[in-house]
S.K.: 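The structure that follows is given in the form of structure tokens.
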Amino acid sequence: MTIKLIFEPGKEVGWEEFRTSYPAMSVALDGYCVGGPGFDEERLILNIDHHVRVDRIATRSSCLQAMIHVKMGIFDGFCDEAGRPCMTVYCNGCDQDVALATYILLHPEHIDRPKLRELVRAEDLMDMSGGLYPSKQRLHLMKELNWIMRPYTAARASGKLHELDGKGMEKLVREMHRRIKLSLFNGAKQVDVDTSFEVVAEHPGWTLVREIGEAARIGMAEKRIKAFVSIIGESNGRRHYAIGRLSPFIPFPVARLYEALNRAEGLGPEAKHRWGGSNTIGGSPRQVGSKLTPEQIEAIVCELLSKRRRRCSSAG
């Protein structure tokens with residue numbers, strides 16, 4: 001089996017570039033290729049994604065997509081002349097979804113293990129909902145998942161995540177792989193989930209928060225926060241933010257917020273790094289963060305929502 005992982009922090013390419021310029025049997029994972037899932041059957045080029053221009057609930061997480069692809073025979077096509085699995089997987093991040101998805105592609109022999117299905121299902125629900133899916137009944141599983149993913153969450157909480165190069169990202173993912181394997185074979189630990197967060201500002205329908213614990217969004221869900229802007233870190237004098245809502249039914253127009261925040265940053269459609277994401281969860285540019293202060297973002301969100309309410313009132 002020849003499965004190669006390549007980590008290029010923050011890099012994003014379009015589908016046409018990935019489909020035509022990358023070698024056969026290439027897989028873009030979890031946001032490396034912008035534009036939603038895609039497959040070129042002739043060249044064996046696959047995009048596994050659920051971030052941009054997709055229905056987040058319908059598309060599901062990258063790790064669940066990877067699991068389904070393995071179950072449905074991906075390695076019947078992605079293989080060498082001897083029939084051995086063969087692919088190159090490109091990643092621009094190293095979060096929980098990436099860790100599980102790459103583990104599945106590297107270890108297809110473990111695909112039917114019940115614990116792996118449980119971990120993927122839990123991560124899928126949390127990723128799909130921006131971390132706001134009610135998970136109190138699964139707290140024991142979340143504690144185990146928290147131990148598995150601690151290398152990533154610790155790096156994120158300390159602010160070191162955005163300083164990692166490709167080798168640093170791969171090192172984190174390989175450590176999470178080691179812990180996933182221990183979990184599958186009865187060697188996992190459980191770590192209490194730190195769900196702490198700070199409410200910076202509270203408004204009708206949404207909350208500005210600062211994430212403290214690695215599982216802050218579980219705490220946010222318990223407090224019935226259904227839409228948020230979150231301060232998740234700072235590096236090189238710039239901040240990193242997430243924008244999210246529980247589902248598309250929550251009246252918090254994240255797509256319009258991306259547009260407004262890009263305008264405030266002076267980022268046009270041609271800019272390499274932009275605010276963006278799916279219809280339920282997104283955030284500031286992955287690699288470079290944002291120059292906007294929390295106060296500026298709060299004002300922009302409030303102004304946009306105020307205009308939206310006035311339009312709705314006029315239409316009524």
S.K.: Give the cluster check for Met72 versus Leu100: same hydrophobic cluster or not, with ILVMFWY residues linked at side-chain heavy-atom distances below 4.5 Å.
M.R.: yes
S.K.: Pairs of donor and acceptor atoms involving the side chains of residues 7-15, under 3.5 Å and at least two apart or interchain, shall be tabulated with distances.
M.R.:
residue	atom	partner	partner atom	Å
Glu8	OE1	Tyr32	OH	2.5

S.K.: Measure across Glu123 and Cys63 and return the closest heavy-atom pair with its distance rounded to 0.1 Å.
M.R.: CG-SG, 3.9 Å
S.K.: Going by heavy atoms in the side chains, are Cys94 and Tyr152 under 4.5 Å from each other?
M.R.: yes
S.K.: From Arg178 CZ over to Ile148 CD1, what is the distance, rounded to the nearest 0.5 angstrom?
M.R.: 11.0 Å
S.K.: Are Met176 and Tyr103 close enough, and set up right, to give a side chain to side chain contact (heavy atoms under 4.5 Å, CB included), and what steps lead you there?
M.R.: CA-CA 9 Å; Met176 289 186 279; Tyr103 183 90; over 6 Å; no
S.K.: Just do the salt bridge (Lys or Arg N to Asp or Glu O under 4.0 Å) check on Lys171 and Glu175 with the steps written out, would you?
M.R.: CA-CA 6 Å; Lys171 183 178 179 181; Glu175 172 59 20; over 6 Å; no
S.K.: What heavy-atom pair brings Ala264 and Ile300 nearest, and what distance separates the two atoms?
M.R.: CB-CD1, 3.5 Å
S.K.: May I have the list of side-chain donor-acceptor pairs in residues 289-297 shorter than 3.5 Å, sequence neighbours left out?
M.R.:
residue	atom	partner	partner atom	Å
Ser290	OG	Glu265	OE2	2.3
Ser290	OG	Leu292	N	2.9
Lys291	NZ	Glu265	O	3.4
Thr293	OG1	Glu295	OE1	3.4
Thr293	OG1	Gln296	N	3.1
Thr293	OG1	Gln296	OE1	3.4
Gln296	OE1	Thr293	N	2.8

S.K.: Is a side-chain N or O of Ser21 found less than 3.5 angstrom from the main chain of Glu17, in a donor-acceptor match?
M.R.: yes
S.K.: Would you kindly confirm whether Val209 and Ile250 end up in one hydrophobic cluster when ILVMFWY residues are joined by side chain heavy atoms under 4.5 Å apart?
M.R.: yes
S.K.: Mind checking whether Tyr258 and Val52 sit in one hydrophobic cluster, side chains of I, L, V, M, F, W, Y counted as touching below 4.5 Å?
M.R.: no
S.K.: Please report the shortest heavy-atom distance between Gly93 and Val98, naming the atom on each side.
M.R.: O-CG1, 3.6 Å
S.K.: Is the shortest heavy-atom distance from the side chain of His50 to the side chain of Ser62 under 4.5 Å?
M.R.: yes
S.K.: Do Ile104 and Leu116 have side chains that approach each other closer than 4.5 Å (heavy atoms only, starting at C-beta)?
M.R.: yes
S.K.: Give the intermediate values and the outcome of side chain to side chain contact (heavy atoms under 4.5 Å, CB included) for residues Met126 and Ile218.
M.R.: CA-CA 9 Å; Met126 297 301 291; Ile218 293 177; 3.7 Å; yes
S.K.: Considering all heavy atoms of both residues, which atom of Leu119 and which atom of Ser183 are nearest to each other, and what is their separation?
M.R.: CD1-OG, 3.9 Å
S.K.: Taking all non-hydrogen atoms of both residues into account, name the closest pair between Pro23 and Ser26 and its distance.
M.R.: O-OG, 2.6 Å
S.K.: Tell me which one of Arg121, Arg217, Arg60, Arg56 satisfies salt bridge (Lys or Arg N to Asp or Glu O under 4.0 Å) with Asp127.
M.R.: Arg56
S.K.: With Arg245 as reference, evaluate Asn279, Ile281, Leu132 under the side chain to side chain contact (heavy atoms under 4.5 Å, CB included) test and give the passing residue.
M.R.: Asn279
S.K.: Considering only heavy atoms from C-beta outward, does the side chain of Lys223 approach that of Met220 to under 4.5 Å?
M.R.: no
S.K.: Begin from the C-alpha positions of Met87 and Val89 and carry the test side chain to side chain contact (heavy atoms under 4.5 Å, CB included) through to its verdict.
M.R.: CA-CA 6 Å; Met87 67 170 53; Val89 184; 3.7 Å; yes
S.K.: Before you tell me yes or no, could you show the steps for Lys167 and Glu170 under salt bridge (Lys or Arg N to Asp or Glu O under 4.0 Å), namely the whole-Å CA-CA distance, both residues' side-chain angles and the distance that decides it to 0.1 Å?
M.R.: CA-CA 5 Å; Lys167 290 183 178 179; Glu170 183 170 2; over 6 Å; no
S.K.: Do the side chains of Val199 and Phe228 get nearer than 4.5 Å, heavy atoms only?
M.R.: no
S.K.: Hey, what do you get for OG1 (Thr102) to NE2 (His177), rounding to the nearest 0.5 Å?
M.R.: 2.5 Å
S.K.: Would a distance-only check, ignoring hydrogens and angles, find a side-chain to backbone donor-acceptor pair under 3.5 Å from Arg210 to Ser230?
M.R.: no
S.K.: Using side-chain contact (heavy atoms from CB on, under 4.5 Å) as the criterion, list what pairs up with Ile212, not counting sequence neighbours.
M.R.: Ser196, Glu198
S.K.: Can you tell me how far apart SG (Cys302) and CH2 (Trp206) are? Round to the nearest 0.5 Å.
M.R.: 5.0 Å
S.K.: Can a donor-acceptor pair be found, under 3.5 Å and without considering hydrogens, that links the side chain of Ser129 to the backbone of Leu125?
M.R.: yes
S.K.: For Arg84, is there any backbone N or O sitting under 3.5 Å from a side-chain donor or acceptor partner on Asp80?
M.R.: yes
S.K.: Distance from Ile232 atom CD1 to Arg156 atom CZ, nearest 0.5 Å?
M.R.: 4.5 Å
S.K.: Can you hop from Leu305 to Trp275 via hydrophobic side chains spaced under 4.5 Å?
M.R.: yes
S.K.: Is it true that a side-chain atom of Arg43 and a backbone atom of Arg19 form a donor plus acceptor pair closer than 3.5 Å?
M.R.: yes
S.K.: Indicate yes or no for a side-chain donor-acceptor contact from Asn262 to the backbone of Gly268 under 3.5 Å, with no hydrogens or angles considered.
M.R.: no
S.K.: Between His107 and Arg113, do the side chains contain an N or O donor and an N or O acceptor separated by less than 3.5 Å?
M.R.: no
S.K.: Is a side-chain N or O of Arg174 found less than 3.5 angstrom from the main chain of Met169, in a donor-acceptor match?
M.R.: no
S.K.: Grouping I, L, V, M, F, W and Y whenever their side-chain heavy atoms are under 4.5 Å apart, do Tyr90 and Val70 come out in a common cluster?
M.R.: no
S.K.: Between atom OG of Ser61 and atom CG of Asp49, what is the distance when rounded to the nearest 0.5 Å?
M.R.: 11.0 Å
S.K.: Show, in sequence, the C-alpha distance, side-chain angles and deciding distance for Glu211 and Ile231, and conclude whether the side chain to side chain contact (heavy atoms under 4.5 Å, CB included) test is met.
M.R.: CA-CA 6 Å; Glu211 297 188 31; Ile231 307 161; over 6 Å; no
S.K.: What distance separates Gln65 CD from Asp30 CG, expressed to the nearest 0.5 Å?
M.R.: 9.0 Å
S.K.: Apply the test salt bridge (Lys or Arg N to Asp or Glu O under 4.0 Å) to residues Glu234 and Arg238: give CA-CA distance (whole Å), side-chain angles for both, the deciding distance (0.1 Å), then the verdict.
M.R.: CA-CA 6 Å; Glu234 185 173 347; Arg238 296 171 70 90; over 6 Å; no
S.K.: Does any non-hydrogen side-chain atom of Thr153 lie less than 4.5 Å from one of Arg150?
M.R.: yes
S.K.: Are the side chains of Thr280 and Leu246 in touch, meaning some heavy atoms are under 4.5 Å apart?
M.R.: no
S.K.: If we only count heavy atoms from C-beta on, is the Leu261 to Ile243 side-chain gap below 4.5 Å?
M.R.: yes
S.K.: Are His69 and Phe78 an aromatic pair, judged by ring center distance below 6.0 Å?
M.R.: no
S.K.: At their closest point, which heavy atom of Arg256 faces which heavy atom of Leu304, and how far apart are they?
M.R.: O-CD1, 3.5 Å
S.K.: Looking just at side-chain N and O atoms, do Glu202 and Thr207 make a donor-acceptor pair shorter than 3.5 Å?
M.R.: no
